Structures are given as structure tokens and as C-alpha cells.
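Read the numbers this way: they start at 1 and go in the same order the structure lists the ligands and their atoms. If you're wondering where the values come from, they're calculated on a predicted model, not measured in any experiment.
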Amino acid sequence: WTLSDFEIGKPLGRGKFGHVFLAREKKSNHVVAIKVLFKSQLKQSQVNHQLRREVEIQSHLRHTNILRLYGYFYDQTRVYLILEHAAKGELYKELQKCKYFSEKRAATYVASLARALIYLHGKHVIHRDIKPENLLLGTQGEVKIADFGWSVHTFNRRKTMCGTLDYLPPEMVESVEHDASVDIWSLGVLCYEFLYGVPPFEAKEHSDTYRRIVEVDLKFPSNPIVSSASKDLISKMLVKDSSQRLPLHKLLEHPWIIQNAD
Ligand SMILES: CC(C)CCNC(=O)Cn1cc(-c2ccc3c(-c4nc5ccccc5[nH]4)n[nH]c3c2)cn1
């Protein structure tokens, strides 16, 4: 591929993800998202090899709830990633607009994300950073994990861990080794935020969020009114001992998911 194979359109997400543009591949008319990374920025954060590894992993992933990476190319100064275009944009914008989702909508997203995580864990890929900001919506409104963790401006986030702690499980907050069960914790946090509009351990200060996470200080607001089945599921995911968290395949059999997910 080269840039001349594409007609470049409007910026997507207005620079939040680095430079991502709507684009159309001229021969096939296929609409994609093209992310531009500057080689200079990659060099200075010594992540070239990490980026190649991540591109290698992502280009082999094929799941309807994981945003596709079709390919990449580069020129003198930049690397271009050819990504799937998610026609209905950013999920977190939807959440901001609706304040919180219905139980049906929340359960449908959680079930889709659980299936995507089962697929990823099957390929020994974990910790995909599944917070609302990393989720996009496809043409049919289906949720897609787009791991923005690699957009250049967040490369340093991996080191400085700036940005929200809200989604991190105790073992990561206490920085002990972690396994695929971190994703079960994050999905539980996400399910809570879908239903209540705020993450469960939110606090003004980082230190308070940190304490609430390690103590699993889980409280359910009395508004909005949501089913006890949803609270039962969340309580089985937000468990300090990572080996005791509800396994993802059991999540798909939970009554709340069975009753509410499309
Ligand atoms: C290292 C490499 C393998 C990582 C590959 N993944 C990324 O670069 C993650 N990433 C995805 C994007 C991204 C951002 C926005 C969109 C969109 C999109 N569609 C929209 C529709 C309406 C409003 C905004 C939209 N953004 N579709 N596909 C996207 C893809 C930006 N960074």
C-alpha cells in the first residue's frame, strides 16, 4: 500500500487518538480509518519493536468485536495503520449522551466484550484496556475493542500510568504480576459504568481511588434502579482474589446476561 491508494477524508475523533483520518481505498471504494504515526515520535519513545509486535498480533486477530487492523505502510517520515472504520463512532460519547445504558444494552455490550476477550485469551493476548474510551460502535451498533494503547501520545502512558486508574484491578494497582483475569475485573468495572454512568471506585483523588480498588469498596447507588441480577454478576467479577473472579464463559451463562443480552 501507499498513501496514493487512498483518498483521505476528515479527521476522526479530532486528534484524540493521534492522527486518525477517514479514508477510502480508491480501487475497492472500501472505507477505512488511517492512523498516522510519526517515525520521529516513535524513535524518541523507543517503541518501534513494540509497535511491530503489536501490529503483528493485531493483524492476525479476526473477531467481530475487535477492531480490524488491515495492514500498514510507511514513507520517509511516517507509519500508516490501515484500520477498520467503525461507522457509529465512540461508545463513550453514547454513554455521555445517555448518561447510562438500559440493562438490555449494557448486557448486550458486556456479552459481546466477553466473547471478544475469550477469543483474545485463547490467543494468549490479555489486558486490552477495555474502558469506554477504547470502544467503538460498528454499523449495526455492535461494540468493537480498539486498543488505542498504541497511539503515540499514549505510549508514555504505559510508563507514567497517567490517565485513569479506575479500570485497574488490585493486582495491577499493587503492581504484582497479572494474568487474563485482569480483563474480567475491567469488564466488571465497565458493566457497572454502563449501568450507573460512573465507574465503581471513582474518587476525587488518585489515592482514594487506589484505596477503594484494593479494598474492593463496591457500593451500588439506589439510582438508577437496576436489577439485583446485574449486581450479582458485577459482585462476582469485582473480586480481589483474581482466581475467584467469575470466568468469562460462566459470565455468558449468568441469568442477567441470558435475560438481557441480544
Ligand atoms: C499498534 C497498532 C496495531 C494499534 C492499532 N490500533 C490503534 O491504533 C487503535 N486506534 C484505533 C483508532 C480509531 C479511531 C477512530 C475510529 C473510527 C471512527 N469512526 C467514527 C465515526 C464517527 C465519529 C468518530 C469515529 N471514529 N473508526 N475506526 C477508528 C479507529 C485510533 N487508534
* **Audit row: E7, K26, salt bridge (charged side-chain N to carboxylate O under 4.0 Å, His left out) steps and yes/no** => CA-CA 7 Å; E7 195 177 341; K26 288 172 182 165; over 6 Å; no

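In this structure, E56 does not pair ionically with R53, as no charged nitrogen and carboxylate oxygen lie closer than 4.0 Å. Ion pairing between K236 and D232 holds under the 4.0 Å rule for side-chain N and carboxylate O. Between R212 and E205, no side-chain nitrogen of the basic residue sits less than 4.0 Å from a carboxylate oxygen of the acidic one, so the salt-bridge criterion is not met.
In H85, the parts holding a heavy atom less than 4.0 Å from any atom of ligand 1 are both the side chain and the backbone. Under 4.0 Å from ligand 1, not a single heavy atom of L22 appears. The backbone and the side chain of V55 each have at least one atom closer than 4.0 Å to an atom of ligand 1 (non-hydrogen atoms only).
Near L136, meaning under 4.0 Å from one of its heavy atoms, ligand 1 places the atoms 16 (C), 28 (N), 29 (C), 30 (C). Interface of E84 with ligand 1, defined as ligand atoms under 4.0 Å from a residue heavy atom, comprises 27 (N), 28 (N), 29 (C). Close approach of ligand 1 to L12 is summarised as follows: ligand atoms under 4.0 Å from at least one heavy atom of the residue are 17 (C), 18 (C), 20 (C), 25 (C), 26 (N). Close contacts of ligand 1 with Q58, meaning ligand atoms under 4.0 Å from a residue heavy atom, involve 3 (C), 5 (C). Here is the list of ligand 1 atoms found below 4.0 Å of a heavy atom in L69: 3 (C). For ligand 1, the atoms sitting less than 4.0 Å from at least one non-hydrogen atom of L51 are 1 (C), numbered in the order shown with element in parentheses. Near E54, with a cut-off below 4.0 Å to any heavy atom, the atoms of ligand 1 are 1 (C), 3 (C).
Here the shortest heavy-atom distance to atom 32 (N) of ligand 1, taken over K35, E56, E90, belongs to K35. In this comparison of A33, G89, A87, the heavy atom closest to atom 23 (C) of ligand 1 sits on G89. Comparing I34, L137, L67 against atom 30 (C) of ligand 1, the shortest heavy-atom distance belongs to L67.
Because its NZ or CZ atom is not both nearer than 6.0 Å to the ring centre of Y70 and within 45° of the ring axis, R68 does not count as a cation-pi partner of that residue.
By the 30° and 60° cut-offs, the orientation of the rings of F101 relative to F194 is tilted. In this structure, H63 and Y119 have tilted ring planes: the angle between them lies in the 30° to 60° band. Classified by interplanar angle (parallel below 30°, tilted 30° to 60°, perpendicular above 60°), the ring pair Y196/Y192 is tilted.
Here the side chains of L190 and Y167 are in contact, with some heavy-atom distance below 4.5 Å.
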